[in-house]
Amino acid sequence: MAHSRKKLDLTGQRYGRLTVLKPVENIDSRTAWLCRCDCGAEAVVKTHHLRSGHTKSCGCQNGLGAPRYALGLTYIEGTCVEMLAAKTVRKNNTSGVPGVDWWAAKSRWRASICFKGRRRYLGSYSQFESAVRARKQAEEELFDSFLQEVREGRGLDRSSCLDTSAG
């Protein structure tokens with residue numbers, strides 16, 4: 001079944017503590033909305049996150065500037081801390097390395113990385129090992145420094161979730 005291409009107008013609707021004010025620039029090709037929370041703060045939220053109930057406030061219920069917690073996971077700036085720390089490979093991964101896939105149209109390996117809600121293209125490579133190397137370097141530059149900042153005191157009281165020595 002195909003999805004409808006008709007754009008929804010959510011202006012004026014309420015989702016939890018959020019009231020939709022107006023559409024704003026898309027986030028990764030997804031429609032986004034400027035919303036006002038009952039606390040008075042404004043937040044930009046994707047349509048799907050509003051309609052699914054994933055986002056119900058600006059985050060004020062977690063305390064000012066505090067990380068967001070959902071389903072026992074910690075999200076900071078749109079990034080799941082536990083997923084980064086675990087360094088797991090998803091079940092649907094076909095190359096065995098996150099962010100590396102075969103680009104059949106170009107007959108090359110493609111490397112990319114997602115961080116803080118943005119996908120970054122790292123290049124295409126004739127050799128699998130080169131694509132893996134590019135991905136690992138980007139992980140070190142982005143993920144490792146981010147996790148170190150979190151460990152050093154972004155106000156997380158759940159530091160046990162960042163223990164990467166297990167397993």
Side-chain angles (χ1 to χ4, degrees), residues 1-93 98-101 111-122 135 138-167:
M1 180 196 299
H3 294 284
S4 171
R5 299 261 184 224
K6 185 177 178 183
K7 199 169 196 173
L8 296 172
D9 184 6
L10 304 182
T11 305
Q13 294 188 32
R14 281 189 60 85
Y15 295 90
R17 296 172 51 96
L18 297 172
T19 301
V20 179
L21 300 176
K22 64 180 182 179
V24 293
E25 186 176 335
N26 288 359
I27 300 173
D28 296 331
S29 77
R30 302 289 182 173
T31 304
W33 301 88
L34 179 64
C35 302
R36 177 165 289 124
C37 186
D38 289 347
C39 74
E42 293 183 348
V44 175
V45 185
K46 294 179 189 177
T47 301
H48 173 72
H49 289 182
L50 287 170
R51 298 188 74 208
S52 69
H54 183 267
T55 304
K56 298 177 185 176
S57 75
C58 68
C60 61
Q61 294 174 316
N62 299 324
L64 188 59
R68 294 182 181 199
Y69 298 100
L71 303 174
L73 299 176
T74 311
Y75 289 86
I76 299 175
E77 299 176 44
T79 300
C80 180
V81 175
E82 290 83 1
M83 295 293 282
L84 287 186
K87 297 186 179 189
T88 57
V89 178
R90 293 173 54 138
K91 290 180 183 179
N92 63 350
N93 183 292
V100 175
D101 65 327
S112 63
I113 192 165
C114 293
F115 184 62
K116 294 186 178 179
R118 296 254 187 246
R119 177 177 300 275
R120 293 171 170 96
Y121 175 67
L122 304 173
R135 168 62 190 217
E139 284 180 14
E140 288 174 12
E141 292 172 6
L142 298 172
F143 295 171
D144 293 351
S145 61
F146 177 78
L147 289 172
Q148 188 62 36
E149 284 179 29
V150 171
R151 285 187 193 101
E152 289 175 356
R154 280 270 187 103
L156 274 182
D157 57 344
R158 296 168 32 147
S159 58
S160 62
C161 69
L162 302 174
D163 181 15
T164 58
S165 61

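Between Glu139 and Ile113, the shortest heavy-atom contact is N-CD1, 3.8 Å. Nearest heavy-atom pair, Ser57 versus Thr55, reported as atom, atom and distance to 0.1 Å: O-CG2, 3.5 Å. Pairing each heavy atom of Leu122 with each of Ala138, the nearest pair is CD1-CB, 3.7 Å. Here the shortest heavy-atom pairing between Pro23 and Thr11 reads CD-OG1, 4.2 Å. Nearest approach of Ala32 to Asn26, heavy atoms of both residues: N-OD1, 4.2 Å. Pairing each heavy atom of Leu50 with each of Tyr15, the nearest pair is O-CD2, 3.3 Å.
Classified by interplanar angle (parallel below 30°, tilted 30° to 60°, perpendicular above 60°), the ring pair Phe143/Phe115 is tilted.
With sequence neighbours left out, the side chain to side chain contact (heavy atoms under 4.5 Å, CB included) criterion links Ser52 to His48, His54.
Looking only at side-chain heavy atoms (C-beta outward), Trp33 and Thr19 stay at 4.5 Å or farther from each other.
Between the Arg14 side chain and the Gly16 main chain, a donor and an acceptor come within less than 3.5 Å of each other. With hydrogens and angles ignored, the 3.5 Å screen pairs a side-chain donor or acceptor of Arg135 with a backbone N or O of Pro98. Panel note: side chain Arg36, backbone Ala41; no donor-acceptor pair is recorded below 3.5 Å.
Using a cutoff of 4.0 Å between basic side-chain nitrogens and carboxylate oxygens, Lys87 and Asp144 are scored as salt-bridged.
Taking CG of Leu147 as the start and CD of Glu82 as the end, the distance is 10.0 Å to the nearest 0.5 Å. Lys22 contributes atom NZ, which lies 15.0 Å from atom CG of Leu10 (distance to the nearest 0.5 angstrom). Atom NZ of Lys46 sits about 8.0 Å away from atom OG of Ser29, to the nearest 0.5 Å. To the nearest 0.5 Å, atom CZ of residue Arg120 and atom CG of residue Leu142 are 5.0 Å apart. A distance of 8.0 Å separates CD in Gln13 from CZ in Arg51, rounded to the nearest 0.5 Å.
Remark: Arg119 CZ is loosely packed, at most 12 non-hydrogen atoms of other residues, nucleotides or ligands lying under 6.0 Å away.
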